[in-house]
Amino acid sequence: MDEQKRLEVLYRYHLLDTLPESQFDEITQLAALVCGTPIATITLIDKDRQWFLSKVGVTATETERSISFCAHAIRQDALFVIPDTLHAHGFSNNPLVTGHPFLRFYAGAPLIADDGCMLGTLAVMDTMPRSLTGQQQNALMMLSREIVARIRSRRQLLGLCRQIDSYDDASGELEYAYRHMRRSANEVPAAPRIDAMPAYAAETAKGTDLSDVFINSIPGIFYVFDQHGKFLRWNKNFEVVSGYSSTEIAAACPLDFFGNPAEKELFAEKIKQALKEGSASLEAALLTKGGQSLPYYFTGKRIDFAGEHCICGMGVDISERRTSEETLRLRNRALEASINAIMITDAQGMIEYVNPAFERITGYPLSAVLRRHFRFLHRNDNEQRGMAAVRSAYRLLEEGHALLRSYRRNGELFWNDFYIAPVANAEGKVTHFIGVLNDITEIKRYEERLEHQASYDGLTQLVNRNVLKDRIRQAIASAQRHKTGFTVGFMDLDNFKFINDSLGHGVGDELLKCVARRLATCMRAHDTIARYGGDEFAFVLNDAVNEENVGILMDRILKTIERPFEIGDHRLFISCSVGVGFYPKDGEDVDTLLKNADTAMYRAKESGRNNYQFYVPSMNDRVRERLSLEAKLRQALTNEEFALHYQPKIDLASGMVVGVEALLRWQPADGDAISPASFIPLAEETGLIVPIGEWVLDTACAHNKLLQQSGLPPIGVAVNISARQFDPHALRKSISQALDASGLDAKYLELELTESLVMENPDEVTRILHELREMGLRLAIDDFGTGYSNLSQLQRFPVDRLKIDQSFVRDIGADPNDAIIARAVISLGHSLGMSVIAEGVSNEEQLAFLRANGCDEMQGFLYSRPLPFEDLMGLLTENRILA
Ligand SMILES: Nc1nc2c(ncn2[C@@H]2O[C@@H]3COP(=O)(O)O[C@H]4[C@@H](O)[C@H](n5cnc6c(=O)[nH]c(N)nc65)O[C@@H]4COP(=O)(O)O[C@H]3[C@H]2O)c(=O)[nH]1
């Protein structure tokens, strides 16, 4: 129907701008009562305004049509409900929502005239979001039809009045009818008094008062009682629920229906309040005839009925509400007590609630986040990956989960394991989302730590061997793609074990860290350096295939590592050996490349350490040899393949043998004798030098004691100690054991330490040498002149003897420099209070030079080669004097 036609119909009813009529007010009061709302109106929709034919809880008589909810409701012939205006499209900004009376709930039942024309609505409204039960909705629709029925009869009455007005000769009967009808149509009806009667006996009220049909359709109990507490009307339900008959109710007073004295008193007060203020409500237990207490919500309004103030009231069974309130209370409590942060947003993501855990985790209290979009938690980090899942959940109204970087109020990042789920209303429409925020920052950090531990070396923070292998794999793939190559290097620190053993693991660890840092300074950002294990490092140089350039880099590494390290009070000197392999020349897979670089590194060690070697295939032959030698060496001790030979030391002044040097010989059972120069370095590298060294000490001490026991004059025996044996604790122990077992006096045992060993870490060595001296031993520095002795350090060493290296002795006659050095060593030793011995003396010329320059002792082929023990005994017995 078009609007013009609708307005014509509306105007024909002559309803607009009329005086209030109690027959309509009664219905609005009932509507408010039935639906439990503070506001109810009968609204007629005029051209530009809505006009209230009757109203409860509203002061205005009309508003503009543009802001009217009813203007929307009349567009449909069913009940029009807005559960929450703030979430209803097109209503959240309505001035009646944002301003007084702040409407949050609206339900309007259309007033449909006979010809289908919409006159307006019967509407109930509330300032809280809510819904209506099915029964309440039915009641509202029924009341709206009742209004239309009354409008219709009102119109008929008005028509009749007009007809009667036109008949001057109206009869007295008609006159009476006219007056009566006029009252009904336009004036407050003179409702006949209803005396104490059963509900269905109040015939006089029918037609002009509430219809029995309506009363009995009201959910819950309904009653009207006068100021004296006398029941005038009630519905059938009241009788059913209370268990009392209509006669009993008629004889009862309202307070009889309460068992609890406090509630009785309260109800009496509420009656007074309703009579005085117009309305009152309360929750109390209704006592049935059977003695049952039923939780009920009572509302009562003052009405003028039967010529006096009465209370028209309803009672609704709230057992279910109580249960759901209890459930709600529990749920609320769970929300409040939850350790997870929980937030409730509307369907657009605007926050409506957050629990205390939310404030604890994010630092934001409820007041700071209310009506803000929850995305503020992600600050500028809104484009992170997890946000797509969250947005899609909101868009598709479904559950979602994402790991998000969220930010606390203080700006700190936290990892948010975020779950959201949609919440639908009674009609199945999604109105809200509930979000659970789990702060998993600690777990995430732990995972990162684990990940880091799985990839990085905890000490140096370099990547570990697993990552190194991955990087090599990547480098191979890239080199294959781009037809290029790269370099793999293996680096091992020389004599690291000595530092670790003598200075402790703390110093050793610090040194490794410093080495890692220095190594990093030599590399480019896209190269990889890894700690391979122990004192081994490995690296991958991407794109580096040129031997010359790589050689320059290797030199730089050697020089960098050579520089002294200041660790605590220690100034440490260390060198390294590096092996290098190129892809694809030296291996096309990870393992081969690493193996060959490792082989080259061993070659560098064999070549005197502190150098680098590029891999060449022949190195593998050497490695194979070395491996087989190592296998044999491991068996040599148990197979008793070692022997000691002794080379006499001669006092140059007397020409007499004053001592011997023990030199190790290895005669494998199934092959030729192997020179110590070949197997001692291998024994050092493999650690076998330790048990072998113990055997040497034991044997040398035992032999020397045997010499003394055979009646020969006591002489000293010198034993070589290599760097790997120089673990102070183990060394002291094996020396004590050897002396104890043999019974040899410590003063007859001399230890020969190489100059390089002594000078590498002079502070530490000085301390150990003092300890050894305290045991009564004698100490000598072997191969003197080959290292770079620091004279001030030398002075501090508690050493008895310097041994001029045989390389200087060999060419004394031929090379003037060697003669100068030999002479310098002699005078240096003497000036420091040490005796000086020359080794490798093989001819008279050398002997003459040494004598002429005041050297104290000599040893060498000139007098005797190293001899098996039995031969030594023969030589000493012979007592041959050096001429
Ligand atoms: N050309 C020549 N050589 C002479 C002459 N007089 C002695 N020699 C050799 O010079 C080396 C001296 O020993 P070293 O410098 O301590 O050098 C030793 C020492 O560093 C090491 N070594 C030998 N035995 C042991 C041992 O029991 N323990 C440890 N740690 N090292 C040992 O092996 C190295 C080599 O020992 P050897 O082969 O026995 O070689 C010995 C000896 O046989 C000579 O007049 N002319």
Side-chain angles (χ1 to χ4, degrees), residues 495 498 608 633 636-637 641-650 657 659-667 672-704 717-727 730-731 734-735 738 749-758 779-787 801-813 818 822 837-847 849-850 855 857-869 871-872 875 882:
N495 294 331
F498 167 73
L633 192 58
L637 262 183
E641 293 169 358
F642 289 122
L644 281 187
H645 284 194
Y646 296 92
Q647 184 170 46
K649 296 177 176 183
I650 320 296
V657 176
V660 288
E661 178 183 4
L663 293 159
L664 187 59
R665 297 291 175 260
W666 178 21
Q667 175 61 64
D672 297 337
I674 299 171
S675 148
S678 313
F679 73 81
I680 293 284
L682 180 64
E684 285 181 345
E685 274 164 35
T686 53
L688 284 168
I689 193 70
V690 177
I692 294 174
E694 283 171 6
W695 180 87
V696 170
L697 275 169
D698 288 346
T699 311
C701 289
H703 279 161
N704 200 6
V717 60
V719 171
N720 289 286
I721 300 293
S722 73
R724 276 301 285 273
Q725 279 172 280
F726 209 67
D727 168 0
L731 187 61
S734 44
I735 290 170
L749 179 60
E750 183 170 304
L751 302 184
E752 286 192 15
L753 313 161
T754 59
E755 185 188 5
S756 54
L757 185 156
V758 174
L779 301 169
I781 296 182
D782 203 359
D783 306 336
F784 196 79
T786 52
R801 208 188 302 275
L802 288 184
K803 191 182 247 191
I804 306 171
D805 188 69
Q806 54 178 293
S807 59
F808 303 115
V809 176
R810 196 184 305 130
D811 293 331
I812 275 174
D818 285 353
I837 178 168
E839 68 175 354
V841 180
S842 50
N843 60 43
E844 291 295 343
E845 192 186 356
Q846 293 161 345
L847 179 65
F849 175 87
L850 295 168
C855 186
E857 293 170 19
M858 65 74 85
Q859 67 182 90
F861 294 172
L862 179 64
Y863 181 81
S864 169
R865 287 179 171 270
L867 301 170
F869 178 65
D871 295 354
L872 173 74
L875 183 119
L882 177 70

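All values below come from the heavy atoms of this structure, side chains included, with hydrogens, waters and symmetry mates left out. In listed order, ligands and their atoms are each counted from 1.
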Which pair of non-hydrogen atoms, one from Pro648 and one from Gln859, has the smallest distance, and what is that distance?
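For Pro648 versus Gln859, the nearest heavy atoms are O-CB, 3.3 Å.
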Qualifying residues under ring pair (Phe, Tyr, Trp, His ring centres under 6.0 Å), relative to His703, sequence neighbours excluded:
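Tyr646, Phe869.
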Do Glu750 and Lys803 meet the salt-bridge criterion of a basic N to acidic O distance under 4.0 Å?
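No, no charged N to carboxylate O under 4.0 Å.
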Distance-only N or O hit between ligand 1 and Gln859, under 3.5 Å:
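Min N/O separation from ligand 1 is not below 3.5 Å for Gln859.
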From the candidates Gln647, Gln725, Glu684, the one that places a heavy atom nearest atom 7 (C) of ligand 1
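Of the listed residues, Gln647 has the closest heavy atom.
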Any protein heavy atom nearer than 4.0 Å to atom 40 (O) of ligand 1:
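Within 4.0 Å of atom 40 (O) of ligand 1, no protein heavy atoms are found.
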In terms of the angle between their ring planes, are Phe679 and Trp666 parallel, tilted or perpendicular, with boundaries placed at 30° and 60°?
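Ring orientation of Phe679 relative to Trp666: perpendicular.
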Closest contact, heavy atoms only, Thr699 versus Leu644:
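Heavy-atom minimum between the residues: CB-CD1, 3.8 Å.
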Please say whether Glu752 places an N or O atom under 3.5 Å from an N or O atom belonging to ligand 1.
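No, since none of the N or O atoms of Glu752 sits under 3.5 Å from an N or O of ligand 1.
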For the student: nearest non-hydrogen atoms of Glu694 and Ser734, plus distance
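Looking at all heavy atoms of both residues, the shortest contact is CG-CB, 3.5 Å.
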Under 4.0 angstrom from atom 17 (O) of ligand 1, is there any protein heavy atom?
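Within 4.0 Å: no protein heavy atom nearby.
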Given that the side chain starts at C-beta and the backbone is N, CA, C, O, which of these parts of Leu663 lies under 4.0 Å from ligand 1, counting heavy atoms, or is it both or neither?
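Both backbone and side chain of Leu663 come within 4.0 Å of ligand 1.
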Considering all heavy atoms, the nearest Ser864-Gln647 contact:
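So the minimum-distance heavy-atom pair works out to O-NE2, 3.1 Å.
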Is the shortest distance from a Lys or Arg side-chain nitrogen in Glu752 or Lys649 to a carboxylate oxygen in the other one below 4.0 Å?
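Lys649 and Glu752: salt-bridged.
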Please list, in number order, the atoms of ligand 1 under 4.0 Å from a heavy atom of Glu661.
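Here the atoms of ligand 1 in question are 13 (O), 16 (O).
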Out of Tyr863, Trp666, Phe861, Phe679, who gets a non-hydrogen atom closest to atom 46 (N) of ligand 1?
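Selected option, by shortest heavy-atom distance: Phe861.
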Taking 4.0 Å as the limit for heavy-atom contacts, which would you say applies to Arg665 with ligand 1: side chain only, backbone only, both, or neither?
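Contact part for Arg665 vs ligand 1: side chain (C-beta onward).
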I need the atoms of ligand 1 closer than 4.0 Å to a non-hydrogen atom of Ile680, numbered in the order shown.
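Those of ligand 1 that fall under 4.0 Å from Ile680 are 29 (C), 31 (N), 32 (C).
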Name the closest protein heavy atom to atom 10 (O) of ligand 1, giving the residue it belongs to and the distance to 0.1 Å.
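Protein heavy atom at minimum distance: Gln806 NE2, 2.7 Å.
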Going by heavy-atom distance to atom 35 (C) of ligand 1, choose the closest among Ser678, Pro866, Pro676, Ser722.
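Looking at heavy atoms only, the winner is Pro676.
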What part of Asp783, side chain, backbone, both or neither, has a heavy atom within less than 4.0 angstrom of ligand 1?
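Side chain only; the backbone of Asp783 stays clear of ligand 1.
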State the CG-CE distance between Leu850 and Met858, to the nearest 0.5 angstrom.
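So the CG of Leu850 and the CE of Met858 are separated by 7.5 Å.
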Rounded to the nearest 0.5 Å, what's the gap from OG on Ser842 to CZ on Arg810? Could you check?
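CZ of Arg810 is found 8.5 Å from OG of Ser842.
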Provide the closest heavy-atom pair for Gln667 versus Ala673 in the form atom of the first, atom of the second, distance.
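That closest heavy-atom pairing would be OE1-CB, 3.4 Å.
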Checking side-chain contact (heavy atoms from CB on, under 4.5 Å) against Phe849, which of Asp818, Val841, Ile812 comes through?
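Only one of Asp818, Val841, Ile812 forms a side-chain contact (heavy atoms from CB on, under 4.5 Å) with Phe849, namely Ile812.
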Side chain or backbone of Asp782 under 4.0 Å from ligand 1, or both, or neither, by non-hydrogen atoms?
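Side chain only; the backbone of Asp782 stays clear of ligand 1.
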Suppose I only count heavy atoms of Gly860 and a 4.0 Å limit; which atoms of ligand 1 are within that range?
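Within the 4.0 Å cut-off of Gly860, ligand 1 contributes 6 (N), 45 (O).
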Give the residue and atom name of whichever protein heavy atom lies nearest to atom 15 (O) of ligand 1, and the separation in Å to one decimal.
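Nearest neighbour among protein heavy atoms for atom 15 (O) of ligand 1, to 0.1 Å: Glu839 OE1, 3.4 Å.
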Distance to 0.1 Å, residue and atom name: give those for the protein heavy atom nearest to atom 24 (N) of ligand 1.
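The closest one turns out to be Leu664 N, 3.0 Å.
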Nearest to atom 30 (N) of ligand 1, what protein heavy atom do you find, and at what distance?
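The closest heavy atom on the protein side is Asn720 O, 3.5 Å.
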Is any N or O atom of Ala662, backbone or side chain, closer than 3.5 Å to an N or O atom of ligand 1?
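Between Ala662 and ligand 1 (N or O atoms, distance only) the closest approach is not under 3.5 Å.
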Give the contacting part of Val696 toward ligand 1: side chain, backbone, both or neither, where contact means a heavy-atom distance below 4.0 Å.
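The answer is the side chain.
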